[in-house]
Amino acid sequence: MPKLFLYNSYTRQKEEFIPITPGYAGLYVCGPTVSGESHLGHARPYITFDVVKRYLRHLGYKVRYVRNITDAGHFEEEGREAIDKVNEKAKLEKLEPMEMVQKYTNLFHHGMKLFNCEDPSIEPTATGHIIEQINMIETIIAKGYAYEVNGSVYFDITRYAELYPYGKLSGRVLEDQLETTRELDGQEEKRNKADFALWKSAPPEHIMRWKSPWGEGFPGWHIECSAMSSKYLGDVFDIHGGGMDLQFPHHESEIAQSTIAHGHAPVNYWMHNNMITINGKKMGKSYNNVIKLSELFSGNHPILEQAYHPMVVRFYILTTHYRSTLDFSNEALQAAERAARRLWEAYELVKKLSHPGNETPADANLDAQVNTWCRECEDFMSDDFNTAKVIANLFFLAPVINGIKGGQVAPGALSAATLELVKDTFKTYLEDIMGMQPMQASQNNKLDSVLSVLIDIRKDAKKRKDFATSDQIRNKLAEAGVLLKDEKDGSVSYTVE
RNA sequence: GGUCGGAUGGCCGAGUGGCUAGGCUCAGCUCUGCAAAAGCUGCUACAGCGGUUCGAAUCCGCUUUCGACCUCCA
């Protein structure tokens, strides 16, 4: 198996990936909170880790990919006035909490499908794992690192920090945390401001509630990921992924809880994707600049100049390294749209390209260069998933492919084996690993036959040198969003906008 | 305020000491009835100042500036 290096946020350096069990890889990614519609920001981590998963599989690992759905818990943890988001919105929409959770879960799944993100192996919900969470909290209490107050349970950070490097992942110093002035619900009953809730006592009006050894309540946010990841991947697992904004407090707390509950750190490699920004500002509910996925795909948003195909968004995300911030703009996405289209068309083209059969390339230099470009893709991916460089190499190959079709490159310039390698490289990296798909709706047969009638009429007109007619057909079709292309060999192809 | 990370050509973005990243845009050319597409060519940048080095976008220092996290967040 080829070596894979990835950047471990915990140690802040690139490390070789050594799985716990040879041949197997366990991957946990924090999923969405389904109290609202999925937005552009969600696209980044799930596309990023979709590619991680696909690449691990490509390398030969059997991957178990667990991604949770947060449908309870930390909605309710917030300040006094923030109330329970699920309850609140449910009243407004006159929906049952679980009905709303279901609705947004479905929408999330729909978005993931459009992005061509593969389903996780297991998609556990927080509400489905209350028992596991309670068990874990009991263990932590028994070990003396959590305490109960008025039906709520808090994790004792101060005690934890005596023995363990609390704050290492997020680069934080506990003393600073203790001085924080934030006003959190239940702040006065905590021993220490930095302590976080494992279990919250539910006020009477709270709908989502479960029985526990400490009375009726609901789990804190962080405990769900710890309980579910250890259940499905083990007390120690390979890779934990998520957005950078989750490093603190979420992932830091996960580490603390699991370390106490299981006696050792839970994760070997932490991976964090960077944020998407809009006009230089992070997109988030608090900033009021959220673009929902449905708005992105329809173009129905003040910031958007047009609708963007899910594959354009996916491609755009992959042209940037996952640890860099990615600034959104119409200009950038429109550039990505052209680029993605060109690359995909080259792929479609190379699939159909036939080779004269010579085993010795007519152009040895080009042949060698092409081989290098193809083989480098694996090196780039294995160096912390550098999709940007892979895409650059595919763009080196595109002119060669187009050149063979267009006659600028001799058909036998490459050896038969090299042409096969090019085909395989596009299939493997563009389609299988980066998960790109065609952006055109599959053409339906009726449209096809209607167009072929028009194309034939136009061909006749051209033969008669009746260019007025042929241009009229082409122009009218263009107005209708169908672009005709006269190919070199006399055939006509078309694309639908 | 604390912690951390950026500042790359018209735009987006790779890149950690020497080798053209790439894409998009733009201009010219080839092909073409014309277009489109495609190919070729051109546009060659690393915030500023200083330092280390034979050599720096890349390392160090300072300055300016932007952002992230510190509160739910992907």
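Each chain gets a letter, A, B and so on, in the order the sequences are listed, and its residues count up from 1. Quick caveat: nothing in here was measured; it's all calculated off a predicted structure.
Atom NZ in A:K282 sits roughly 10 Å away from atom C1' in B:U71 (whole-Å rounding). Residue A:R474 contributes atom CZ, which lies 15 Å from atom P of B:U32 at whole-angstrom precision. A straight line from CE of A:M112 to P of B:A74 spans 11 Å, rounded to a whole angstrom. Between the CH2 atom of A:W373 and the C1' atom of B:G23 there is a distance of 15 Å, given to the nearest Å. Distance, A:D383 CG to B:A14 P: 14 Å, rounded to whole Å. Taking atom CD1 of residue A:I401 and atom P of nucleotide B:G39, one finds them 10 Å apart after rounding to whole Å. In this structure, the CD atom of A:E37 is 14 Å from the P atom of B:A74, given to the nearest Å. Taking atom OH of A:Y316 as the reference point, atom P of B:C24 lies 15 Å away to the nearest angstrom.
Counting non-hydrogen atoms under 4.0 angstrom, A:L246 reaches the backbone sugars and phosphates but no base. No engagement by A:L343 is indicated, since no non-hydrogen atom pair under 4.0 Å with the nucleic acid exists. Base contact: A:H39 has a heavy atom under 4.0 Å from a base atom. Nucleic acid contact class of A:N393 (heavy atoms, under 4.0 Å, all strands): none. In this structure, A:S470 reaches the bases: a heavy-atom distance under 4.0 Å links it to at least one base atom across the strands shown. Among the heavy atoms of the strands lying under 4.0 Å from A:K389 are primed sugar atoms or P, OP1, OP2 only; no base atom is included. Among the atoms of the strands shown, base atoms are found under 4.0 Å from some heavy atom of A:G41. Using a 4.0 Å heavy-atom cutoff across all strands shown, A:M283 reaches at least one base atom of the nucleic acid. Among the heavy atoms of the strands lying under 4.0 Å from A:G243 are primed sugar atoms or P, OP1, OP2 only; no base atom is included. Residue-level contact check: A:K462 touches the bases, meaning some heavy atom is under 4.0 Å from a base atom.
In a base pair of the Watson-Crick type (N1 to N3 plus N6-O4 or O6-N4) or a G-U wobble (N1-O2 and O6-N3), with each distance short of 3.5 Å, B:C43 is matched with no nucleotide. The pairing partner recorded for B:G22 is B:C12, the criterion being a Watson-Crick or G-U wobble arrangement whose two distances lie under 3.5 angstrom. Across the strands present, B:A38 finds its partner in B:U30; the criterion is a Watson-Crick or G-U wobble pair with both atom distances under 3.5 angstrom. Across every strand in view, B:G67 sits in a pair with B:C4 that passes the Watson-Crick or G-U test at under 3.5 angstrom.
Comparing the same atom, P, in B:U53 and in B:G15 gives a spacing of 29 Å after rounding to whole Å. The same atom, P, is picked in B:U63 and in B:C69; the two are 25 Å apart, to the nearest Å. Atom name P, nucleotides B:U30 and B:G23: the rounded distance is 23 Å, in whole Å. With P as the reference atom, B:A27 and B:A36 are 11 Å apart, rounded to whole Å. Nucleotides B:G13 and B:G17 place their C1' atoms 22 Å apart, quoted to the nearest Å. One C1' atom belongs to B:C11, the other to B:G50, and the distance between them is 32 Å to the nearest Å. Separation of the P atoms belonging to B:G5 and B:U41 is 41 Å when rounded to the nearest angstrom. Using P as the reference atom, B:G28 and B:A37 are 15 Å apart when rounded to the nearest Å.
For A:K351, the NZ atom counts as densely surrounded, since its 6.0 Å shell holds more than 12 non-hydrogen atoms of other residues, nucleotides or ligands.
Across B:G15, B:G67, B:A21, the shortest atom-to-atom separation from the side chain of A:F396 is found for B:A21. Each of B:G2, B:A38, B:A74 was ranked by its minimum atom distance to the side chain of A:R172; first place goes to B:G2. Here the side chain of A:D327 is nearest to one of B:A21, B:G13, B:G33, namely B:G13. Counting only heavy atoms from C-beta on, A:F248 has its side chain closest to B:C70 among B:A74, B:U25, B:C70. Here the side chain of A:A335 is nearest to one of B:G23, B:A38, B:G15, namely B:G23.
Using a 4.5 Å cut-off on side-chain heavy atoms (C-beta onward), A:E254 and A:W270 make contact. You'll find the side chain of A:D471 reaches within 4.5 Å of the side chain of A:R474, heavy atoms only.
In this structure a side-chain-to-backbone donor-acceptor pair under 3.5 Å is present from A:Y55 to A:E378.
A close approach under 4.0 Å does not occur between any side-chain nitrogen or oxygen of A:T325 and OP1 or OP2 of B:A68. A close approach under 4.0 Å does occur between a side-chain nitrogen or oxygen of A:R342 and OP1 or OP2 of B:C24. A:K485 has no side-chain polar atom (N or O) that falls below the 4.0 Å cut-off from OP1 or OP2 of B:A35. Using a 4.0 Å cut-off, no side-chain N or O of A:S329 falls inside it from OP1 or OP2 of B:C11.
Checked against the 6.0 Å centroid criterion, the rings of A:Y308 and A:Y316 do not qualify as a close aromatic pair.
Of the charged side-chain nitrogens involved, none lies within less than 4.0 Å of a carboxylate oxygen, so that A:K389 and A:D383 do not count as a salt-bridged pair.
For the pair A:K53 and A:F49, the cation-pi test (distance below 6.0 Å, angle within 45°) is failed.
In this structure, the aromatic ring of A:F467 is positioned over the six-membered ring of the base of B:G33, centres within 5.5 Å and planes within 30°.
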| said: One pair to check against salt bridge (Lys or Arg N to Asp or Glu O under 4.0 Å): A:R54 and A:D50. What are the steps and the verdict? | reply: CA-CA 6 Å; A:R54 287 163 178 264; A:D50 184 53; 2.8 Å; yes

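Judged by distance alone, with hydrogens and angles left aside, A:D486 brings a side-chain donor or acceptor within reach of the base of B:C34, the pair sitting under 3.5 Å.
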